[in-house]
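Here is the structure we will look at.
Since the structure is predicted, the reported quantities are computational estimates derived from the model, not experimental observations. Here is how names work: the chains are called A, B, and so on, in the same order as the sequence lines, proteins then strands, and each is numbered from 1.
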There are 2 protein chains.
Amino acid sequence: MTRFPFKRLQSDLAVLISNTPAGAQLPSEPKLSKQLGVSRATLREAMRMFEAQGLLRRRQGAGTFVVGQVSVLDSGLEVLESLETMAKRLNIAVSVSSLRIEQVYADEELAEGLKVPKATKLVSISRIIQSEGRPSAYLVDTLPEDFLNPEDLPSDFNGSILDFLIDRGSPLTFSRAAISATGATSSVARALEIQRQDVLLKMTSQLFVADGSVVDYAVGSFIPGYFNFHVIRRVGGEQTTDKPE
Amino acid sequence: MTRFPFKRLQSDLAVLISNTPAGAQLPSEPKLSKQLGVSRATLREAMRMFEAQGLLRRRQGAGTFVVGQVSVLDSGLEVLESLETMAKRLNIAVSVSSLRIEQVYADEELAEGLKVPKATKLVSISRIIQSEGRPSAYLVDTLPEDFLNPEDLPSDFNGSILDFLIDRGSPLTFSRAAISATGATSSVARALEIQRQDVLLKMTSQLFVADGSVVDYAVGSFIPGYFNFHVIRRVGGEQTTDKPE
DNA sequence: TTAGTGTCACTGGTCTGACATCTGAACCTG
DNA sequence: CAGGTTCAGATGTCAGACCAGTGACACTAA
């Protein structure tokens with residue numbers, strides 16, 4: 001007996017949706033709820049989330065339909081998750097190639113990003129994300145060697161340091177991601193099979209743990225169009241109104 | 001009597017959330033459902049959507065909380081503010097030039113962004129931000145004409161529609177900003193005094209009001225280096241492991 | 001024939017009321 | 001005063017009901 005139907009439901013629904021052709025109709029809510037072993041209310045809550053992500057479209061009286069799979073990764077940045085997790089959640093196929101793990105020493109940028117002295121021993125993990133058979137992102141994580149021993153990585157390491165750290169139970173707290181745009185350097189251009197100076201979206205992240213130190217400095221270069229990051233911005237300022245009661 | 005409680009609910013909830021200090025607790029579901037005039041089931045469906053956007057966090061047994069930012073944020077994107085306000089807060093001198101207000105009709109992009117029919121009458125406000133004596137950003141806001149009458153703008157209008165709307169007391173709730181990178185089109189390149197195809201950071205925002213409609217579709221093109229946007233990404237809930245059955 | 005209309009099974013939309021499980025603080029106890 | 005217990009109240013889940021929109025079908029009238 002699973003204790004939290006909702007979580008299982010999410011995966012089950014994700015599978016169901018990904019196995020349903022775009023535009024096709026899902027079974028009706030009563031049928032689905034029976035089939036998935038949850039109440040209709042719980043099923044509907046889960047469906048709302050997929051609807052919010054644009055994967056489902058519901059029409060009263062007609063049915064629930066799987067919306068045409070968009071091939072872009074469109075996701076909010078509020079919650080920290082790996083590209084792999086994001087892709088899985090959105091049911092988009094991505095693969096990793098050119099995974100490389102090597103030892104490096106902190107240069108100026110890395111030293112500042114990780115808040116360590118220059119020339120500190122570091123581990124660098126780089127990889128290329130392929131989407132629709134094309135390289136679409138180039139990611140480099142760099143961590144202090146005393147925080148991550150390359151030999152700790154599992155043999156089936158999928159490339160996502162973040163997922164590994166979460167699994168390992170590291171006391172991660174939050175990540176600070178700076179967003180900019182840049183032209184491709186020659187090495188990145190080669191990796192992504194684009195021209196030098198082609199436009200790239202660049203995201204530089206510092207991953208913080210509980211004691212305030214930085215354990216991962218990540219630089220991601222994304223080809224525009226494959227990824228669509230967004231963020232919800234709250235209207236700030238005067239907290240006007242009355243307390244609800 | 002509204003025929004679809006859900007839509008109204010979304011707006012009411014958005015208002016409530018934006019008027020609640022970060023970290024504060026929302027009323028309990030039974031209270032809220034009564035207060036908002038819907039059933040608890042419907043309320044929960046709506047809450048799921050806000051949870052998916054990262055605005056709410058729910059803990060069984062404890063309550064529902066408005067997600068708060070981590071204390072570090074400096075010029076993050078979490079809080080919606082105009083460039084002018086941001087610059088003022090960071091004590092950076094910026095000036096506005098080439099302020100232009102004109103009437104346009106919705107093309108495909110604007111229609112989708114503002115959720116209005118094509119060819120709807122709109123007001124477009126464009127301006128160039130100068131920083132350190134150089135153009136550094138090109139901003140275009142577009143609003144439905146029936147929401148903003150150009151003649152309502154004060155004579156000393158500084159170019160920031162957002163600040164004006166806040167002043168006017170419009171029931172703004174939140175903004176959804178999509179972030180990408182692009183090469184400069186010829187018109188933008190001319191405005192910013194750069195070369196065509198030079199790299200730009202592009203931010204496209206939809207500004208929502210209480211009733212769920214979009215009142216401002218904004219496109220900003222930023223020269224990298226002058227602005228440094230960042231966002232705090234919190235480590236996700238108590239994920240991640242899926243149940244092995 | 002054909003356009004219109006009514007029926008009806010089936011869809012998602014909403015509500016009610018109940019029970020389960022978890023949390024946190026107040027309350028006991030030794 | 002430390003530690004265990006109780007309990008009100010929070011979210012999580014459920015079953016069952018009715019409402020409202022859809023679309024296929026049969027039927028009817030011009």
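- If you take OG on B:Ser82 and CG on B:Asp163, they are separated by 3.0 Å, rounding to the nearest 0.5 Å.
- Within the 4.5 Å cutoff, side-chain heavy atoms of B:Tyr217 are placed close to those of B:Leu110.
- For the pair A:Arg44 CZ and D:dC14 C1', the computed distance is 15 Å after rounding to whole Å.
- In this structure, CD in A:Glu84 is found 10.0 Å from OG in A:Ser95, a value given to the nearest 0.5 Å.
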Output a table of nitrogen or oxygen pairs between the protein and nucleotides 18-20 of chain C separated by less than 3.5 Å.
| residue | atom | partner | partner atom | Å |
| --- | --- | --- | --- | --- |
| C:dA18 | N6 | B:Arg40 | NH1 | 3.3 |

Atom pairs, N/O to N/O, protein against nucleotides 23-25 of chain D, distance under 3.5 Å?
| residue | atom | partner | partner atom | Å |
| --- | --- | --- | --- | --- |
| D:dG23 | OP1 | A:Arg59 | NH2 | 3.0 |

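- Direction of the helix axis in the helix from C:dT1-D:dA30 to C:dG30-D:dC1 shifts by 10° between the two five-pair termini, rounded to 10°.
- For the pair B:Ser28 and D:dA10, the criterion of a side-chain N or O lying under 4.0 Å from OP1 or OP2 is met.
- With contacts defined as side-chain heavy-atom distances shorter than 4.5 Å, the pair B:Phe208/B:Asp216 does not qualify.
- Of the candidate nucleotides C:dT14, C:dG13, D:dC14, D:dC14 has the atom nearest to the side chain of A:Ala41.
- Comment: B:Glu45 does not engage B:Arg48 in a salt bridge, judged by the lack of any side-chain N to carboxylate O separation of less than 4.0 angstrom.
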Verdict with supporting geometry, A:Glu29 and A:Arg58, salt bridge (charged side-chain N to carboxylate O under 4.0 Å, His left out): CA-CA 11 Å; A:Glu29 295 183 353; A:Arg58 313 155 90 185; 3.1 Å; yes
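- To the nearest 0.5 angstrom, A:Gln35 atom CD is 6.5 Å from A:Leu16 atom CG.
- In this structure, CD on B:Glu112 lies 8.0 Å from CD on B:Gln206, to the nearest 0.5 angstrom.
- For the ring-ring contact (aromatic ring centres under 6.0 Å, His included) test, no residue two or more places apart in sequence or in another chain qualifies with A:Tyr138.
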Side-chain donor/acceptor pairs under 3.5 Å, residues 139-152 of chain A, sequence neighbours excluded:
| residue | atom | partner | partner atom | Å |
| --- | --- | --- | --- | --- |
| A:Asp141 | OD1 | A:Arg127 | NH1 | 3.4 |
| A:Glu145 | OE2 | A:Gln103 | NE2 | 3.0 |
| A:Asn149 | OD1 | A:Glu151 | N | 2.9 |

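- Rounding to the nearest 0.5 angstrom, the gap separating the CG atom in A:Leu43 from the CG atom in A:Asp12 is 10.5 Å.
- Between B:Thr64 and A:Ser39, the residue anchored closer to the 5' end of DNA chain D is B:Thr64, taking for each the nucleotide with the nearest heavy atom.
- Proximity of A:Arg58 to the phosphate of C:dG13: a side-chain N or O atom is located under 4.0 Å from OP1 or OP2.
- Taken from CZ in B:Arg57 to CZ in B:Arg59, the straight-line distance is 7.0 Å, to the nearest 0.5 Å.
- More than 12 non-hydrogen atoms from other residues, nucleotides or ligands lie less than 6.0 angstrom from CD of B:Glu102.
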For nucleotides 7-9 of chain C, print each protein N/O atom paired with a nucleotide N/O atom at under 3.5 Å, atom names and distance only.
none

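- In terms of position along DNA chain D, the nucleotide closest to B:Glu29 lies nearer the 5' end than the nucleotide closest to the other residue of the pair A:Leu43 and B:Glu29.
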